Protein chains: 2
Amino acid sequence: MRNNGEERDAALVQSVDRAVAILELLARNGEAGITEIAAELGVHKSSASRLVYTLRARELVEQNGERGPFRIGLGMLEFAGAVTGQLDCVRLGGPVCSTLAERLGETVNIAVLDGNRAVNVSQARGSSAVAAQNWVGRRTPLHATSSGKVLLAGESPESQERLLAGDLEPCAPRTITDPVRLRAVLRRTAEDGYATCIEELEPGLHAVAVPVFGAHGDVVAAISAAGPAYRLSQKRIPEIVDELRTASRDLSVRMGHPVS
Amino acid sequence: MRNNGEERDAALVQSVDRAVAILELLARNGEAGITEIAAELGVHKSSASRLVYTLRARELVEQNGERGPFRIGLGMLEFAGAVTGQLDCVRLGGPVCSTLAERLGETVNIAVLDGNRAVNVSQARGSSAVAAQNWVGRRTPLHATSSGKVLLAGESPESQERLLAGDLEPCAPRTITDPVRLRAVLRRTAEDGYATCIEELEPGLHAVAVPVFGAHGDVVAAISAAGPAYRLSQKRIPEIVDELRTASRDLSVRMGHPVS
DNA sequence: GCCCTCCGTTGCGTATTACGGAACACGGTG
DNA sequence: CACCGTGTTCCGTAATACGCAACGGAGGGC
């Protein structure tokens, strides 16, 4: 059991790669013991133990007392702070996000483009939080989210084609998988200044997003509101778009977008 | 140049330790190139290159294009989300923090105890943000911060002694370094229900903090407001404490603290 | 109270693995 | 065009991290 499935890139530093895999595992599962970690990575217990020991020494991993399962440690926040510190839209968007979430009563996210994915960099939960899950850090496909469509629509046609190279993976029954239809949707998104996502990412989940503009008038981020289908009905969309636009204008100005 | 200064724990996995050191370096400096990283860690360029390559493959590190300096990557947010997701006070405290920061116009932080340090887990900047720096993830000494004193005062006497074992390191001219005086301050903190920090951490920096209580009536976190000395004057303190208390009560209730 | 099981850690020998050295590409610059 | 400073690639070596097995502790069932 040398390779767990796929071929390992020889240029990677094995132990570092494994260490990161442990962190990802913990981020996914919340908690795990050494034995579980070792089994999951396909390495020996002793190896897993040593890796975890190293991570613990750096406080990237912690456990309740002296014994018991491990979880992501507080030391991680230092790095998270470094990320959010360099992203203006996080620093400035936090408050915007919170107030908007309160007004709408729905979960509000700010997402930016990262490679061919949309990454949620900030989140605020609405008062009526059902099954409140954490979306921060989640990478979602561009064609199956409202934020993704908005970010995509803000790119040049060439970028769009490049980012959409490859198949449009279906995430839910209603995901747009036809490139032709997606292009049409993106055109409308650019015209309307907002995008929706009606059960295209997860069944029962609706979302709406609007762009945030940077100093040069380009789309630097997207603000989205998401909620269960029964609450985020189609006829509420105009109202929500209005609220999102107000917040977006506010944020855009703070990011240096010339007032229109 | 095998050991860069201190003796290395043989049980540590060297490459993982170095990888984390790289991340810490980037978190501190913001950006760095391979050569700089290698020099800083005291390793060969090729080693640094490989470590960075591995981290980049996992998106913990990124660079602008194909070339140029490296910085902490967005992949980190996934882990940060995992941390904040498991900490109720972050999840629930975010909005509280934001609104309070807006009302006060000062930077507001939520901190929890981690070992013998106070870690800021959430932050919101006030409108009048001067030299707005990021405190999230920063570990501060307990005796030199308002949050630290509050957290400390909420511990049992035995814990207090244990946490304060060792010298009280001076951080600024006015840091409390006398154990006897610190004990007196902690007693007053417990009585008054708040603590101040008057240029004890950094010259020109004032702060006030109040405790947040958990389900069992214990102190689980501290909310603090910080600002420049000229603005956070002594006579504004009562007003700020009032605001902090309101927010703290709100947050405490949300965290399951029985309403008093 | 005892044993039994499960979990995580520690020593140890080995060969895999990551390291350091040097040469190599690639831009930017004078 | 040559030069400097990047970062990457190749290669041989030995340090290093790995797997194995035995150990020590906690908890649970009988």
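Chain identifiers are assigned alphabetically (A, B, ...) following the order of the sequence lines, protein sequences preceding nucleic acid strands; residue numbering begins at 1 within each chain. Note that the coordinates shown come from a computational prediction; the quantities given were computed from them, not determined experimentally.
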>> Taking the minimum atom-to-atom distance to the side chain of Gln14(A), which one of dA18(C), dA17(D), dG11(C) wins?
In response: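 Among dA18(C), dA17(D), dG11(C), the one nearest the side chain of Gln14(A) is dA18(C).
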Minimum heavy-atom separation for [X] to [Y], with atom names?
X	Y	value
Leu151(B)	Ala118(B)	CD1-CB, 4.0 Å
Ala221(B)	Ile110(B)	CB-CG2, 4.1 Å
Ile34(A)	Lys45(A)	CG2-O, 3.7 Å

> Which angle, rounded to 10°, do you find between the first-five-pair axis and the last-five-pair axis of the helix from dG1(C)-dC30(D) to dG30(C)-dC1(D)?
Replying inline: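 It comes to 40° between the two terminal axes.
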Please give, in whole Å, the distance from [N] [atom2] to [X] [atom1]?
X	N	atom1	atom2	result
Ile37(B)	dT8(D)	CD1	P	10 Å
Tyr53(A)	dC18(D)	OH	C1'	18 Å
His44(A)	dA22(D)	NE2	P	11 Å
Lys45(B)	dA25(C)	NZ	C1'	12 Å
Gln63(A)	dC7(C)	CD	C1'	12 Å
Leu41(B)	dG20(C)	CG	C1'	15 Å
Leu12(B)	dT9(C)	CG	P	13 Å

Assess whether one donor atom and one acceptor atom, taken from the side chain of [X] and the base of [N], lie less than 3.5 Å apart.
X	N	value
Arg50(A)	dG8(C)	no
Ser15(A)	dC18(D)	no
Ser49(B)	dG7(D)	no

Between [X] and [N], does any side-chain N or O lie under 4.0 Å from OP1 or OP2?
X	N	answer
Ser47(B)	dG20(C)	yes
Thr35(A)	dG8(C)	yes
Arg18(B)	dA18(C)	no

> If each of Ala48(B) and Phe70(A) is mapped to the nucleotide of DNA chain C with the nearest heavy atom, which maps nearer the 5' terminus, i.e. the 5' end?
Replying inline: Phe70(A)
> Nearest nucleotide by nearest heavy atom, which residue falls closer to the 5' end of DNA chain C, Ile34(A) or Leu51(B)?
Replying inline: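 With Leu51(B) and Ile34(A) compared, the 5'-side residue is Ile34(A).
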> Between the main-chain N or O of Ser248(A) and the side-chain N or O of Ser252(A), is there a donor-acceptor pair closer than 3.5 Å?
Replying inline: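 Yes, Ser252(A) side chain to Ser248(A) backbone: donor-acceptor pair under 3.5 Å.
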>> Do Ile72(A) and Leu60(A) have side chains that approach each other closer than 4.5 Å (heavy atoms only, starting at C-beta)?
In response: no
>> Using side chain to side chain contact (heavy atoms under 4.5 Å, CB included), reason through Leu113(B) and Leu163(B) one step at a time and then give a plain yes or no.
In response: CA-CA 10 Å; Leu113(B) 201 58; Leu163(B) 291 171; 4.0 Å; yes
> So among Leu186(B), Thr189(B), Val219(B), which one has a side chain to side chain contact (heavy atoms under 4.5 Å, CB included) with Leu152(B)?
Replying inline: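 Considering Leu186(B), Thr189(B), Val219(B), a side chain to side chain contact (heavy atoms under 4.5 Å, CB included) with Leu152(B) is found only for Leu186(B).
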